[in-house]
Amino acid sequence: MVEDKHGNLWISTDGGGISCVNENWELIHQFTAGHQNSIPYNNIKSICYDEKNDYLYIGTHLGGLSRYDIQKNQFYNYQEHSSRGNLAPHNFIYQVKMWNGKLYLSSREGIFLLDPVSNLFTFLFKPDSYCTNFDIDDAGNLYVNQSDEIIIVSLYDLSQKRSVPIQKMGYQGGIARILAVKDGAYVCTLGSGLLFYNRHTKKIIAYNTSNSELSSNYCYNMKKTTDNKFILTGDQGITLFNSLEQTFIRLVQKEIYLKAPVIRDCGIYVSSANRIYIGDTKGVTLLSEEEFQTSQVEINSLYFSTLYIDNELILPSPKEKVLTAALPFVKELNLGSDQNNLLVRFARSDYRNEHAQQGFEYKLDGLDKTWTYTSVSEARYTNLDPGTYTLYVRMAHASNLSPISLIIHIATPWYLTWWAWMFYLITIGSVIAYYAWNRITKLALAQSLEKERMEKQHIEELNHAKLVFFTNVSHEFRTPLTLIVSHIDTLLQNQLLSPQVYNKILKIKRSAQQMTNLVSELLDFRRFTLNCFKLQIRKQDIGKFLKEIYLSFSDYAHQSDIHYNFICNPVEIICWFDAKQLEKVFFNLLSNAFKYTPKGGEIGMTIATDSGSVKIQIYDTGCGIPASDSIHIFDRFYQGENQKGTEQSPGTGIGLALTKSIVEKHHGTISVKSEVGKGSIFTVTLSLNMNVYQNDEHVQFMDNTPEIITSELPSKDVVEYQVNTSMPEDNLLHESERGDGRKLLLVEDNNELLHILQQLFEPFYQVYLANNGKEGLSLAYEYKPDLIISDIMMPEMSGTEMCLQIKNHIDLCHIPIILLTALNTTEQNIEGLNRGADDYISKPFNAQLLLARANNLVRNRLLIQHQLQKQPLSEIDLTSINPLDQEILRKTSQIIEEHMDDPDFNIPELCKGIGIGRSLLYSKFKALTGMTPNNFVLNYRLKYAATLLRQYPNLPISEASDRTGFSSPVYFSRCFKNQYGCTPQNYQKRVVANES
């Protein structure tokens, strides 16, 4: 801001241009950028007035320097008239100042001097950093801020420069403004207060909040008044500084005078009449020095004026419990426990200075630790706790005056009185006692439940132990069952038996097979219990399936004089199920029905569909099941009290448990309705939709090839068919004549079964016996048998481990192996075949079937040997032999072809090429091809020669002899005749005759 000689005040703004007001604050001029004859930019950084020429110089941000001729009302923008190459200030002007009739200004280009007469710039010097402000004293000393230091330059001799490093001298914060005086300069800093630099003593005097009455260490601007005092602005308002008395007087209640905050770039102007103009972010405030004194007047006339409780005004009244008189005359307030939200207003009766509104300080003794300053005459407290408080209020900055006080009593609520606390203690004690009693009761209940759980766990473990025991015993059953069935098969082959004896033996075999089925059922139940079973689901007609099961019991029903019914509606019902497993379900249900239904009773099976499911009911008119047993009838090993059936022996408690497991695996349900003396109805419900199995990992979908259903009670025809279709012993003897002298190794830990197998195979093979896998492996190394038959579960070394070692040994890998086991599961079969077994037979097995499979394996080996003698290796399917043997034959063929025309090629070279010894090569070739290595090489050369003669009928015999590695044509012809029964010449003639 600046005042011209006409008494008008020019005000520059940051973004709003320039305004001019008269003494009555009436707007005379308003200049903004964007118009003709106006300022170049609205962001004004500094202005100064040239009284002699009546010029107003304007420094802008981005617009450079501008001059306004007040008399002519004309602007001159220097940036528009500047020429390139001349050293002059450009767009950024920081400060302008008139001194001795010359204009001094700072810009990004440095410090310049402008002669108003010639209107030419003179470059003085350029500081190391941008000079945002400067000042000049009466002696011509220029004080310039340069980053964190001050540069002092004599305008009479620019070479005389000295630096005052402010920060290096321990004064932190940036430099906001410099004011030059007679003996030095005042420096306003942002953090170190006000500094005075004495240019004579070259020392700095610091004024800050710790060593003076300065209200803040952040000072923005400073101007000198006509009374040689200084007006200072900062972040705490406006302060009057008396340099002679070294005192600071802050303008108290600055909010009354300033309508907006004062920031760093806000200006100060002191007129010749000592009127003080303070710029802020919203306008200009006019002050005088006297107001700094009147704002300090201590006002003592305070009184409490108004009371609000819960935002409701309390008026004095004789009937009012709170205020019986006006609040200024009340010294004590008695309030209820719910009247703890207070607003107390106070006022003063001093009106000497209406503009100098004084601040207040208050403190509630009993709650506040310090005084609280406020600019409004009220004190608010919320949610005060019960008790006695004293409210003190005083004028701010008048600590020497006694504050006014008001005693406030807030009553204790009923729930905090002593009798309430007694009630609380009694209640808490009762709750603790109840909790302790409840806890003890729960612990007793938990112990009881734990005991019950342990008993249940013990029962489960006992059931598991039973199941494991039954499973292990079942495994052991398979071996004696194998012996029984083998002996029975041997007896049934005797054609001299009378029909009566034959039928009795047939019944024995039927019972043995039934026992085998029971063992299989127990093993299946074990697998279902361990969730290790996979259903093989097929899309089938369940009506047809159940009809076949129904017919299996028709003869028995007729013999037992039982009415037997079957109803299926509709006739064809397509469903997804595992026929083999559901067969067990319905055989079990029908068996139980026949078991507990007396003669003359009725048993039936009904099948019907119901909203996406099929419902199968099996009913009977038997003895029925008591209600106490029906809820446990599907539990494992549960045996009801009512076991009076047609059979004397009670059940095992496995059948119905297995039945329920199989039905639930099919995502179905099974239930029973029974009445003692009237019969039972078992209902099985299955879904017709295959989607119920989609996410079941224990289900495998199979193709729609129908599965053969085998009855648990095979008929006589089936048994007779098995006997009649057995291979006659004479045929086996006939085959043994072709394989006379072949070796068979039997590995079995059961001596009786081992003896039976020995009797079975001795007429046809040279038999060697071993009792475990380790002993069998040793005998295999020693005798190199043509076939090995081994059990799986044996001590010391299992059959699968022995099989794996044999199939991975180059000397033994060609030997075919048949594994025998009582573990008849798909997973175990796959494991055995993955170990290299050639065949897998489950116990109990048919002796003649085992003999036939053994002969087939030997016969297949003989067939491969025959093919190797007559056909080229490339035309023979070798997938049935071990991969190691295939690799030996492949390498042998490759080496022989590489040396086909070499008559000196011998067996040592072949051994070297294959990488095995001569004895191993001999035994390996003898086992694989039936030939010695020499004979194999000779046979290979002759087959190659025959191929040449077929391809080239006119090929000379001598050339064929040379190309196949024979030393002479005579020897070649003799060998060829031994192989093919004719000379090479006749072989060529036959080829030509066949082609013609």
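FYI, side chains are in, hydrogens and waters are out, and symmetry mates aren't considered; it's all heavy atoms of this structure. The structure displayed is predicted, hence computed values, not measured ones.
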Would you find more than 12 non-hydrogen atoms of other residues, nucleotides or ligands less than 6.0 Å from Lys161 atom NZ? yes
Salt bridge or not between Asp115 and Lys102? Use side-chain N to carboxylate O under 4.0 Å. yes
Taking ring pair (Phe, Tyr, Trp, His ring centres under 6.0 Å) as the definition, give me every residue that meets it alongside Tyr220, ordered by chain and number, with sequence neighbours left out. none
Taking the ring of Phe360 and the ring of Phe346, is the distance between their centroids below 6.0 Å? yes
Run the ring pair (Phe, Tyr, Trp, His ring centres under 6.0 Å) check on Tyr207 and Phe248 step by step: do they pass? CA-CA 10 Å; Tyr207 302 94; Phe248 293 87; 5.7 Å; yes
For Glu332, give me all partners under salt bridge (Lys or Arg N to Asp or Glu O under 4.0 Å), at least two apart in sequence or on another chain. none
Between Val2 and Leu56, is there a side-chain heavy-atom distance shorter than 4.5 Å? yes
Atom pairs and distances, side-chain donor-acceptor, residues 166-178, under 3.5 Å, sequence neighbours left out:
{"unit_1": "Arg177", "atom_1": "NE", "unit_2": "Asn221", "atom_2": "OD1", "d": "3.4"}

If I compare all heavy atoms of Ala180 with all of Asp137, which pair ends up nearest, and what's the gap? CB-N, 3.7 Å
Mark yes when over 12 heavy atoms from residues, nucleotides or ligands other than Phe329 sit less than 6.0 Å from its CZ; otherwise mark no. no
Min side-chain heavy-atom separation Tyr269-Ile278 under 4.5 Å: no
Going by atom types only, do Ser243 and Asn228 share a side-chain donor-acceptor pair under 3.5 Å? no
Strictly distance-based, threshold 3.5 Å: is any side-chain N or O of Asp157 a donor or acceptor partner for the main-chain N or O of Ser154? no
Would you sort out whether Asn43 and Asp14 count as a side chain to side chain donor-acceptor pair (under 3.5 Å), showing the intermediate values? CA-CA 5 Å; Asn43 192 343; Asp14 188 359; 3.1 Å; yes
Do you know which two heavy atoms are closest between Leu307 and Leu333, and how far apart they sit? CD2-CD1, 3.8 Å
Phe304 ring centre to Lys331 NZ or CZ under 6.0 Å, with the angle to the axis within 45°? no
Could you tell me whether the side chains of Tyr277 and Glu3 share a donor-acceptor contact shorter than 3.5 Å? no
Using a distance-only test with no angle check, is there a side-chain donor-acceptor pair under 3.5 angstrom linking Ser106 and Gln95? no
Using every non-hydrogen atom in the two residues, find where Ser12 and Ile44 come nearest and quote the distance to one decimal. CB-CG2, 3.3 Å
Side chain to side chain donor-acceptor pair (under 3.5 Å) between Thr32 and Asn42, intermediate numbers included: CA-CA 6 Å; Thr32 57; Asn42 287 331; 4.7 Å; no
Quick one: CH2 on Trp10 to CD1 on Ile47, what's the gap to the nearest 0.5 Å? 8.5 Å
Counterpart residues, ring pair (Phe, Tyr, Trp, His ring centres under 6.0 Å), relative to Phe196 (two or more places apart): Tyr186
Apply side chain to side chain donor-acceptor pair (under 3.5 Å) to residues Tyr41 and Asn91 and explain how you reach the verdict. CA-CA 10 Å; Tyr41 208 76; Asn91 297 334; over 6 Å; no
Going by distance alone, is a donor N or O of one side chain under 3.5 Å from an acceptor N or O of the other, for Gln74 and Asp69? no
Polar side chain donor-acceptor pair, Gln146 to Asp128, under 3.5 angstrom: yes
Quick one: are Thr233 and Cys219 in side-chain contact, heavy atoms under 4.5 Å? no
Can you pull the ring pair (Phe, Tyr, Trp, His ring centres under 6.0 Å) pairs that have at least one residue in residues 129-151, sequence neighbours excluded? none
Determine whether the side chains of Asp365 and Thr390 contain a donor N or O and an acceptor N or O closer than 3.5 Å. no
Tyr218, OH: over 12 other non-hydrogen atoms inside 6.0 angstrom: no
Does the side chain of Asp227 pick up a donor-acceptor pair with the side chain of Thr225 at under 3.5 Å? no
Are any side-chain N or O atoms of Asp368 and backbone N or O atoms of Lys363, one a donor and one an acceptor, separated by less than 3.5 Å? no
Minimum heavy-atom distance between Ile276 and Val270, given as atom pair plus value: CG1-CG2, 4.4 Å
Ion pair check, Glu51 and Lys5, cut-off under 4.0 Å: no
Partners of Phe75 by ring pair (Phe, Tyr, Trp, His ring centres under 6.0 Å), sequence neighbours excluded? Phe31, Tyr68
Flag the pair Ile93 / Lys45 as yes when at least one side-chain heavy-atom distance between them is below 4.5 Å, and no otherwise. no
Do the side chains of Ile404 and Arg394 get nearer than 4.5 Å, heavy atoms only? no
Give the C-alpha distance, both sets of side-chain angles, the deciding distance and a yes or no for side chain to side chain donor-acceptor pair (under 3.5 Å) between Asn217 and Ser192. CA-CA 5 Å; Asn217 289 331; Ser192 296; over 6 Å; no
Can you see whether Arg380 engages Tyr308 through a side-chain donor-acceptor pair at a distance of less than 3.5 angstrom? no
Are the side chains of Leu367 and Tyr389 in contact, using a 4.5 Å heavy-atom criterion? yes
Mind checking whether Tyr57 and Tyr49 have ring centres under 6.0 Å apart? no
Start with the C-alpha gap between Arg67 and Leu114, add the side-chain angles, then the distance that decides, and say whether side chain to side chain contact (heavy atoms under 4.5 Å, CB included) holds. CA-CA 11 Å; Arg67 184 190 67 194; Leu114 175 66; over 6 Å; no
Are side-chain N/O atoms of Asn8 and Asn22 paired as donor and acceptor at under 3.5 Å? no
For Tyr76 and His81, I'd like to know if the aromatic rings sit close, meaning centre-to-centre distance below 6.0 Å. yes
Before accepting this row, confirm whether a basic side-chain N of the pair Asp135/Lys97 lies closer than 4.0 Å to the acidic partner's carboxylate O. yes
Minimal non-hydrogen separation, Pro127 against Val144, with atom names: CG-CG1, 4.2 Å
Side chain to side chain donor-acceptor pair (under 3.5 Å), paired with Asn341, selected from Asp310, Thr382, Asn311: Asp310
Would you check if Leu65 and Phe121 make a side-chain contact, meaning some heavy-atom pair closer than 4.5 Å? yes
Other residues, nucleotides and ligands only: do more than 12 of their heavy atoms fall within 6.0 Å of NZ on Lys223? no
Tightest non-hydrogen contact, residues Glu109 and Lys126, listed as O-CD, 3.6 Å
Heavy-atom side-chain contact between Val153 and Phe125 under 4.5 Å: yes
